[in-house]
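What follows is one structure encoded as structure tokens, with my remarks underneath.
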Amino acid sequence: MSRALELAAQGLYTATPNPRVGCVLVRDGRVLGEGFHAIAGGPHAEAAALACARAAGNDPAGATAYVTLEPCSHFGRTPPCADALVSAGVVRVVAAMEDPNPKVAGSGFARLRAAGIEVVVGVRAAEALDLNIGFVSRMTRGRPWMRLKVAASLDGRTALSNRTSQWITGEAARADGHRWRARSCAVLTGIGTVREDDPQLTVRAVATPRQPLPVVVDSRLQLSPDARVLGAGRALVFAAVDDPAARAVLEGRGAEVVLVPNTAGKVDLPAMLQELGRRGINEVLVETGTRLNGSLLREGCVDELLAYLAPSVLGEQALGMFDLPAMDELAQRAALRFTEVTRVGDDLRLRLQVERAPGPFQRR
């Protein structure tokens, strides 16, 4: 299963919107074949492993298949993998987790068991879930997994009072941040960050076969047509107030404008997430300023915090991570849970899952 997870990770940047899946076929302690799902529309991991075995002259009959996700049981762009394993004569399937896709959701295992194949589920499940957390989120909640990235000093400051922020963290941390961009389906920012920093939101520090979709939250369509985020000609802009002239200019630059207003005349952030889910977006990386950070956290949109802490102190006049209203009691604070602490160069990378949004809002 360790090897199957390694294989699945080879589809980290390319499998979307499908899950990242790896498969290893073993008989009598010998690997017969292995494979992973590389790209949507291409062979699934089980089919790739069976083809690998046969190409090597190995008959998969009597083998055990170690797979990171339940074999599919429905016809999509490829035939059902459960049927392929049955036809190949596989006698045992060890899976990390059940497929959350309602089209599968246990029916693949049922088909295998009906054919007399032994099925074991739950081996290295936590690692398989982390690999496909965005796919699971979209299948079960209809929205992508939102990971908010922030680089800060040890006292939690993201920029000086004059908004200077380059560079708080070191080169290694910045390159690591680009790896998280590369695995994301979309990178999201706000109009304030675009105005101040003019980011590209592209992956540059690491090699990647595809770029994430740039997404801008811009309630009043104030985005300049010269903004670098429009350079790829495929940005998605969420607005609350329509301005036909501004929209036409942005569409002329290849952007798509989507109106999702809330009652306050701002972008309805939870509705925005649902729209991204409908578009097959599994993981969103947020790289923006304190105001939008605070709004996303407060409205229950943030699932995970990816914080890079530098060994420096900027003081109380510097800007913080989240612009949040004052709280009257500690019970109103956001509740987070550490999942990983890793040193990256001279900095620390903290991963935390959000268990409760601050104030009266609840997770959606």
Nearest 0.5 Å please: distance from the [atom1] atom of [X] over to the [atom2] atom of [Y].
| X | Y | atom1 | atom2 | value |
| --- | --- | --- | --- | --- |
| Q353 | L305 | CD | CG | 11.0 Å |
| D347 | T342 | CG | OG1 | 12.5 Å |
| R351 | W180 | CZ | CH2 | 3.5 Å |
| D99 | F109 | CG | CZ | 8.5 Å |
| L188 | L276 | CG | CG | 7.5 Å |
| R349 | E340 | CZ | CD | 4.5 Å |

Side chains of [X] and [Y]: closer than 4.5 Å at any heavy-atom pair?
| X | Y | value |
| --- | --- | --- |
| R228 | P199 | no |
| R210 | T16 | yes |
| R111 | P80 | yes |
| V203 | P212 | yes |
| E46 | V67 | yes |
| R247 | D242 | yes |
| P17 | I281 | no |
| E256 | R279 | yes |

Can you list everything that forms a side-chain contact (heavy atoms from CB on, under 4.5 Å) with A61? Sequence neighbours excluded, please.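 By the side-chain contact (heavy atoms from CB on, under 4.5 Å) rule, A61 matches D59.
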Ion pair present between E196 and R291, side-chain N to carboxylate O less than 4.0 angstrom?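 Not counted as a salt bridge, because no side-chain N and carboxylate O are separated by less than 4.0 Å.
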Would you find more than 12 non-hydrogen atoms of other residues, nucleotides or ligands less than 6.0 Å from [X] atom [atom1]?
| X | atom1 | value |
| --- | --- | --- |
| R220 | CZ | no |
| E171 | CD | no |
| D346 | CG | no |
| R333 | CZ | no |

Within the side chain of [X], is there an N or O that forms a donor-acceptor pair under 3.5 Å with the backbone of [Y]?
| X | Y | answer |
| --- | --- | --- |
| T68 | A96 | no |
| R147 | W145 | no |
| T14 | A38 | yes |
| D155 | L314 | yes |
| T158 | G320 | yes |
| D28 | R30 | no |
| R253 | P225 | yes |
| T288 | G190 | yes |
| D303 | M146 | yes |
| H37 | G22 | no |

Is a side-chain donor-acceptor pair under 3.5 Å present for [Y] with [X]?
| X | Y | value |
| --- | --- | --- |
| R141 | S137 | yes |
| R234 | Q211 | no |
| R124 | S2 | yes |

After noting the C-alpha distance and the side-chain angles of N293 and D323, does the key distance pass the side-chain contact (heavy atoms from CB on, under 4.5 Å) rule? CA-CA 7 Å; N293 280 351; D323 183 358; over 6 Å; no
Is there a chain of hydrophobic side chains (I, L, V, M, F, W, Y, each step under 4.5 Å between heavy atoms) that links [X] to [Y]?
| X | Y | result |
| --- | --- | --- |
| V257 | F238 | no |
| V267 | V215 | yes |
| V136 | V121 | yes |
| I133 | V21 | yes |
| L223 | L221 | yes |

Considering residues at least two apart in sequence or located in another chain, which fulfil the salt bridge (charged side-chain N to carboxylate O under 4.0 Å, His left out) criterion with R179? D176
Sequence neighbours excluded, which residues qualify as salt bridge (charged side-chain N to carboxylate O under 4.0 Å, His left out) partners of E118?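 By the salt bridge (charged side-chain N to carboxylate O under 4.0 Å, His left out) rule, E118 matches R92.
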How far apart are the closest heavy atoms of [X] and [Y], and which atoms are they?
| X | Y | answer |
| --- | --- | --- |
| R143 | G300 | NH1-O, 3.4 Å |
| C52 | G33 | SG-CA, 3.8 Å |
| C23 | A65 | SG-CB, 4.4 Å |
| A357 | V354 | N-CG1, 4.5 Å |
| S153 | L309 | O-CD2, 3.6 Å |
| R3 | V24 | CG-CG2, 3.7 Å |

What verdict does the side-chain contact (heavy atoms from CB on, under 4.5 Å) test give for F36 and R20, after you've listed the backbone C-alpha separation in whole Å, the side-chain angles of each residue and the deciding distance to 0.1 Å? CA-CA 8 Å; F36 69 98; R20 299 139 178 164; over 6 Å; no
Could you go step by step and tell me if E34 and L25 meet the side-chain contact (heavy atoms from CB on, under 4.5 Å) rule? CA-CA 6 Å; E34 60 182 31; L25 297 171; over 6 Å; no
How far apart are the C-alpha atoms of L131 and L12, what are their side-chain angles, what is the distance that settles it, and do they pass the side-chain contact (heavy atoms from CB on, under 4.5 Å) test? CA-CA 8 Å; L131 192 62; L12 193 66; 4.0 Å; yes
